[in-house]
Amino acid sequence: MTTDSHSLAHAAACDDLDLTLSEAGTGRPVLVLHGGGGPATVAGIASHLSRTAHTLTPVHPGWEGTPRPDWLTGVDDLAMAYLHLLHDRGLRNVLVIGSSLGGWIAAEMAVRDTAGVISGLVMIDAVGVHIADEPITDFFALDARGVAKHSWHDPDRYYVDPAAIPADQLAIRQANMATMRVLAGEPYMHDAKLLRRLSRVHTPALLLWGESDRVVTPAYGAAYAAAFANAHLEVIPEAGHLPHIERPEATLALIDAHAHRTDTPDAT
């Protein structure tokens with residue numbers, strides 16, 4: 001389904017996996033993958049790109065109260081589910097954009113994209129690989145103040161006191177984190193095999209990194225980018241783990257430029 005206005009749909013990526021999927025706009029297909037914070041964290045990216053493209057923004061199973069089948073226990077399962085979605089829709093020339101956990105999913109998709117459906121990648125402060133000298137911060141061990149300090153360039157601006165969050169919203173956040181533990185808790189936030197597999201990925205990849213990210217540092221991002229066959233890193237000043245929220249203009253400009261560079265509508 002492609003619509004000019006925003007719509008919410010359900011798509012069966014597998015026989016027993018019913019995806020909740022927001023779609024908007026027309027044009028080149030763009031798959032937008034959220035991180036642990038849920039789909040609201042990438043809503044600005046999807047809204048911006050829907051002016052010129054057909055955006056598909058799924059809710060990862062288990063987030064926001066959506067069902068997660070028992071077999072879906074890893075990021076590789078999500079990667080295959082989203083590849084199946086693209087294949088079932090008959091989509092080509094797809095730009096995949098992922099933030100944090102979503103960037104990891106995007107990398108796993110690219111490794112498995114033997115049909116060449118994906119023509120461009122954008123990974124924003126992505127996790128997913130093990131870099132010996134740049135460990136990923138244990139997000140689960142942080143309190144709310146620690147999360148803000150590690151995630152934002154301006155933590156005081158974005159800190160939210162858990163006591164001020166309504167009980168129903170707090171329960172959703174806790175359930176989201178429980179799902180993330182299942183998918184990415186062991187080994188913590190990475191696939192031990194992914195880093196060495198990335199050299200086979202020739203899809204043009206743009207890795208965007210907030211200069212002040214303390215969850216995964218810019219040095220981690222540089223090592224991640226270097227593992228790809230065709231990637232480059234852009235560091236965004238005055239931004240942390242979610243530069244598309246702290247510095248949306250700069251981030252979206254870089255995404256737009258990469259989208260233009262990688263658009264191959266005549267590719268077969």
Side-chain angles (χ1 to χ4, degrees), residues 11 13 19-23 29-50 53 55-64 66 68 72 74-86 94-113 117-118 120-129 136 139 151 173 176-177 179-185 188-191 194 198 201 203 205-210 213 215-216 220-221 224-225 228 231 236 239-246 248 251-252 254-255 258-259:
L19 289 175
T20 300
L21 186 70
S22 295
E23 298 192 59
V30 180
L31 181 69
V32 184
L33 302 172
H34 67 78
T41 60
V42 294
I45 295 174
S47 176
H48 171 78
L49 290 174
S50 68
T55 59
L56 302 93
T57 310
V59 179
H60 305 325
W63 264 261
E64 309 298 303
T66 58
R68 178 185 61 83
L72 201 155
V75 170
D76 56 342
D77 294 322
L78 279 177
M80 290 304 299
Y82 293 140
L83 278 175
H84 290 155
L85 172 68
L86 300 181
V94 181
L95 177 65
V96 180
I97 301 173
S99 168
S100 191
L101 178 73
W104 177 6
I105 299 168
E108 297 279 8
M109 290 178 69
V111 166
R112 292 163 173 79
D113 181 28
V117 169
I118 301 169
L121 291 173
V122 178
M123 297 164 54
I124 305 171
D125 295 77
V127 295
V129 295
I136 304 169
F139 198 82
S151 300
R173 290 189 181 201
N176 290 349
M177 289 301 99
T179 298
M180 193 155 73
R181 282 183 182 272
V182 172
L183 297 179
Y188 178 70
M189 291 293 170
H190 76 278
D191 174 350
L194 179 58
L198 295 176
V201 177
T203 305
L206 170 65
L207 280 75
L208 298 178
W209 233 264
D213 190 356
V215 178
V216 277
Y220 177 98
Y224 211 155
F228 283 89
I236 300 171
H241 193 61
L242 301 169
H244 48 290
I245 293 178
E246 280 195 284
T251 305
L252 292 172
L254 290 166
I255 291 174
H258 191 67

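Everything numeric here is computed off the predicted structure, so don't read it as measured data. Hydrogens, waters and symmetry mates play no part in the numbers below; they use all other heavy atoms, side chains included.
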**Q** Report the distance from atom NE2 of H244 to atom CD1 of I45, rounding to the nearest 0.5 Å.
**A** 4.5 Å
**Q** Whether the side chain of H190 engages the backbone of Y188 through a donor-acceptor N/O pair (distance < 3.5 Å, no angle test) should be reported.
**A** yes
**Q** Atom CG in L254, atom CG in L207: separation rounded to 0.5 Å?
**A** 12.0 Å
**Q** Can you find a heavy atom in the side chain of S151 that is under 4.5 Å from one in the side chain of V215?
**A** yes
**Q** Which heavy atom of A106 sits nearest a heavy atom of L121, and at what distance?
**A** O-CD2, 3.8 Å
**Q** For G240 and E246, which heavy atoms make the closest approach, and how far apart are they?
**A** N-OE1, 2.8 Å
**Q** For the CG atom of L183 and the CE atom of M189, what is their distance to the nearest 0.5 Å?
**A** 9.0 Å
**Q** Mark yes or no for whether H34, through its side chain, and H60, through its backbone, hold a donor-acceptor pair below 3.5 Å.
**A** yes
**Q** Does E64 reach the main-chain N or O of G38 with its side chain, forming a donor-acceptor pair under 3.5 Å?
**A** no
**Q** Going by salt bridge (charged side-chain N to carboxylate O under 4.0 Å, His left out), name the residues that satisfy it together with R173, two or more places apart in sequence or in a different chain.
**A** none
**Q** Taking side-chain contact (heavy atoms from CB on, under 4.5 Å) as the criterion, tell me which of L78, V32, L33 meets it with P58.
**A** L33
**Q** Taking the side chain as every heavy atom from C-beta outward, state whether T203 and F228 have any atom pair closer than 4.5 Å.
**A** no
**Q** Using a 3.5 Å distance criterion without hydrogens, assess whether the side chain of H48 forms a donor-acceptor pair with backbone atoms of G44.
**A** no
**Q** Would you list the atom pairs, donor with acceptor, under 3.5 Å between side chains in residues 95-105 and any protein atom, with sequence neighbours excluded?
**A**
residue: S100; atom: OG; partner: H241; partner atom: NE2; Å: 2.8
residue: W104; atom: NE1; partner: E108; partner atom: OE2; Å: 2.9

**Q** Under 3.5 Å, side chain of W209 to main-chain N/O of V216, donor-acceptor pair present?
**A** yes
**Q** To the nearest 0.5 Å, what is the distance between OG1 (T55) and CG (L49)?
**A** 7.0 Å
**Q** Within this structure, what is the OG-CG distance for the pair S22 and L56, rounded to the nearest 0.5 Å?
**A** 9.5 Å
**Q** Report the distance from atom CD1 of I118 to atom OH of Y82, rounding to the nearest 0.5 Å.
**A** 13.0 Å
**Q** Might you point out which heavy atoms bring T41 and G35 nearest each other, and give the distance in Å?
**A** OG1-N, 4.3 Å
**Q** Taking all non-hydrogen atoms of both residues into account, name the closest pair between G62 and T179 and its distance.
**A** O-OG1, 3.1 Å
**Q** Dump the intermediate steps for side-chain contact (heavy atoms from CB on, under 4.5 Å) on M109 and L31, then the final yes or no.
**A** CA-CA 11 Å; M109 290 178 69; L31 181 69; 3.7 Å; yes
**Q** Under a 4.5 Å cut-off applied to non-hydrogen side-chain atoms, are R68 and V182 in contact?
**A** yes
**Q** Does D125 offer a backbone N or O that forms a donor-acceptor pair with the side chain of Y224 under 3.5 Å?
**A** no
**Q** List the atom of P39, the atom of V59, and the distance in Å for their closest heavy-atom pair.
**A** CG-CG2, 3.9 Å
**Q** Are D76 and D191 packed together at the side-chain level, in the sense that at least one heavy-atom pair is separated by less than 4.5 angstrom?
**A** no
**Q** Give the minimum heavy-atom separation between P61 and L19, together with the two atoms involved.
**A** CG-CD2, 3.8 Å
